[in-house]
Amino acid sequence: MKFKMLLIALCMVLISQTAMASRLPDDFWAYLKKQLPNSTQRFDSLIVLPDGTTYIPLYPAETTETKDIKIEYTYPAGKSLASKPEVVIFNNNYVLLKLMKDKNGNFSITKNENLPLKVKLGVMPQDMLVPVGLEVPESLKLILGDLVIPQKGDNMIIAATDTKLGNVDTKTGSIAPLNELKNKKTIISTDKSKFVLIYNGEAKGSMYELKLNGLPSKILASNKSKFALVMYFGSKTLEIVDLTNERMVSQINLDNTPKDADLDTVNNIAYVASANASAIYMVDLNSAKLIKAIKLEQSPERIAVSNDGNSLCFTDRNTGKVYSLQSSDGAYVAKYIADGKNLSRILYKDGKIYTISRTENKLSIYDEAEGILTNEIKLHQKPVDAVVYHNKIYILCADDSIIDVFDTEKQKMADNVILDNSGFYSKITIIPNQPNAIITGIQTKKFLLLNLDKMVISKKQNANIDVANIIIVDNAAPAREETKESL
């Protein structure tokens, strides 16, 4: 027995470097994609099926090269890969363990203690995002390698006890702020607390609080990777939150405090501007890592990514000037576009840069290639936020409680939408894969639902919290009946 344990320990040392790589061999991944169509390999090499079922790969002590990859063993026995067994061993010595989730939200792998030695000799990817409270049988503890299983309370999830969003909808029994958020995950921060509220719209009563390490100044989320980037007031540190397991996965230390950020939704890259550091940082939300720092002569304050993800624009805090930023032969060139004054938002769409002045109440449009002003539009009082949806820009004017709608194709105002006068609305947030946006604000205690196609407020919902940031992402697709306990 002691010899066997020593053998296992030695084998784990030999494969630790392989497990750190976190990418499955190309031939093995090609085989899995053929057997499990439309599956994806996460950055830490976990395999995610279209219905949300997740498999953890175990890297073997010794890989057996074979031109014909086959299943060697399954538990339960005799199952095909398509039937999603708990354990699968292949003739190349790789192993897949099914990650299971019970009705109480607890994660586990197989409880079978009598598995072949090939399973016990494997090791999980060493940069794997380990689910909170993952249950691993004693006989399989060694497959964790150096991984630590996070527990509830380790800066993880704390059940909320005294905060509810909105009123109970007697028709549906849901406590979601709006029915349109039922199949979404909604993250809300206030201007007074380190805790963010997380509402999982798929399950009734699924409200949690996640304790952050400071008061968040801005939160960005990716609907592709389910990661969120958190910026804090007065802090040089960014944090990345995994929205699937609702826990911190990485911290990124910058040279100085960040001021603003925007998300390239094409490539899943967050661009973070720090005026004090005279730099723009690129954070990959696929891998939760800092990938580049772009040093500038200017002090970037406001920032926007073009809708194709290929270009940036930013404002200089010291001068108010607006610049575009293009990559040329591996270097970045800042190009002067215009002078700006008290800009609350800048947007970049189809080669045009749109700036919104909070004090001058105007929208200015610049042709980036020519570097010239092409149009100026008068807005209602105090435009504070804006979003782009298809060919229109929806501009939230807080003092007048009006949404000004600008048509980017016709280059003129299309309409305006009147809100109520119950407070200072300051945030407009698009709901993914819907023609809807949520309008919120500090001290409004209300959610307004804006139908972007019809340009009308279609719903109003009371809430007993004040919203500083609200992030909405799609929930994972629900599992089919036979895998409903899977993640």
Side-chain angles (χ1 to χ4, degrees), residues 20 22 40-49 52-57 99-101 105-109 124-136 144 146-159 184-189 194-203 206-214 216 218-232 237-253 261 263 265 268-270 272 283-291 432 469-477 486-487:
M20 284 296 291
S22 290
T40 57
Q41 184 179 175
R42 221 165 66 179
F43 78 91
D44 54 1
S45 78
L46 269 66
I47 309 302
V48 183
L49 279 57
T53 301
T54 298
Y55 276 100
I56 302 171
L99 185 61
M100 294 176 285
K101 185 178 181 181
N106 299 312
F107 293 94
S108 65
I109 56 174
M124 292 180 178
Q126 293 299 281
D127 57 354
M128 171 183 157
L129 302 182
V130 184
V132 176
L134 176 66
E135 296 177 8
V136 178
L144 287 167
D146 292 329
L147 292 175
V148 176
I149 299 175
Q151 301 298 322
K152 292 183 179 180
D154 297 341
N155 200 22
M156 309 299 172
I157 306 169
I158 300 173
K184 311 292 180 182
K185 179 165 284 190
T186 306
I187 305 99
I188 297 172
S189 71
K194 293 181 181 181
F195 286 85
V196 293
L197 304 176
I198 299 178
Y199 183 82
N200 184 339
E202 284 192 2
S206 182
M207 173 72 81
Y208 303 95
E209 286 183 343
L210 175 66
K211 185 179 180 181
L212 302 177
N213 288 321
K218 189 161 191 171
I219 303 174
L220 287 179
S222 164
N223 203 43
K224 289 183 178 180
S225 74
K226 301 298 187 295
F227 281 172
L229 179 145
V230 183
M231 295 165 43
Y232 296 109
T237 301
L238 305 174
E239 290 191 320
I240 309 296
V241 178
D242 173 20
L243 298 179
T244 302
N245 297 316
E246 290 142 351
R247 71 179 185 95
M248 304 300 175
V249 295
S250 66
Q251 290 184 328
I252 298 172
N253 295 317
L263 185 61
T265 56
N268 212 24
I269 304 292
V272 182
V283 179
D284 188 344
L285 288 186
N286 301 296
S287 62
K289 295 178 180 178
L290 175 68
I291 56 174
N469 291 286
I470 179 168
I471 302 298
I472 306 167
V473 296
D474 285 325
N475 262 331
S486 301
L487 177 68

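By convention here, the first residue in the shown sequence is residue 1.
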Candidate pair Gln251 and Asn213, rule side-chain contact (heavy atoms from CB on, under 4.5 Å), full reasoning: CA-CA 11 Å; Gln251 290 184 328; Asn213 288 321; 3.6 Å; yes
Worked check of side-chain contact (heavy atoms from CB on, under 4.5 Å) between Val241 and Phe227: CA-CA 6 Å; Val241 178; Phe227 281 172; over 6 Å; no
Full working for side-chain contact (heavy atoms from CB on, under 4.5 Å) between Val196 and Val230: CA-CA 11 Å; Val196 293; Val230 183; over 6 Å; no
side-chain contact (heavy atoms from CB on, under 4.5 Å) evaluation trace for Phe107 with Val130: CA-CA 10 Å; Phe107 293 94; Val130 184; over 6 Å; no
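The side-chain heavy atoms of Thr53 and Tyr55, taken from C-beta on, include a pair separated by under 4.5 Å. Within the 4.5 Å cutoff, the side chain of Leu134 has heavy atoms near those of the Leu99 side chain. Within the 4.5 Å cutoff, the side chain of Met248 has heavy atoms near those of the Leu212 side chain.
Between the OG atom of Ser250 and the CG atom of Leu229 there is a distance of 8.5 Å, given to the nearest 0.5 Å. Rounding to the nearest 0.5 Å places CG of Leu147 at 9.5 Å from CD1 of Ile56. Phe195 contributes atom CZ, which lies 16.0 Å from atom CD1 of Ile188 (distance to the nearest 0.5 angstrom). Interatomic distance, NZ of Lys218 versus CG of Asn469, reported as 8.5 Å (0.5 Å rounding). Between the CD1 atom in Ile187 and the CD1 atom in Ile470 there is a gap of 9.0 Å [rounded to 0.5 Å].
For Asn106 (side chain) and Gly133 (main-chain N/O), no donor-acceptor pair under 3.5 Å exists by modelled atom type. Distance alone, capped at 3.5 Å, places no donor-acceptor pair between the Glu239 side chain and the Val249 backbone.
Across Gln126 and Leu144, no two heavy atoms sit closer than the pair NE2-O, 3.2 Å. Closest approach of Met231 and Ala261 over heavy atoms only: SD-CB, 3.6 Å. Closest heavy-atom contact between Ile109 and Met124: CD1-CE, 4.4 Å. Closest of all the heavy-atom pairs between Leu46 and Pro57 is CA-CD, 4.0 Å.
The side-chain contact (heavy atoms from CB on, under 4.5 Å) test applied to Thr265 returns Leu263, not counting sequence neighbours. Residues satisfying the side-chain contact (heavy atoms from CB on, under 4.5 Å) criterion with Ala221, sequence neighbours excluded, are Ala228, Leu243, Ile471, Val473. For Asn268, the side-chain contact (heavy atoms from CB on, under 4.5 Å) partners are Ser222, Lys224, Ser225, Leu285, Asn286, not counting sequence neighbours.
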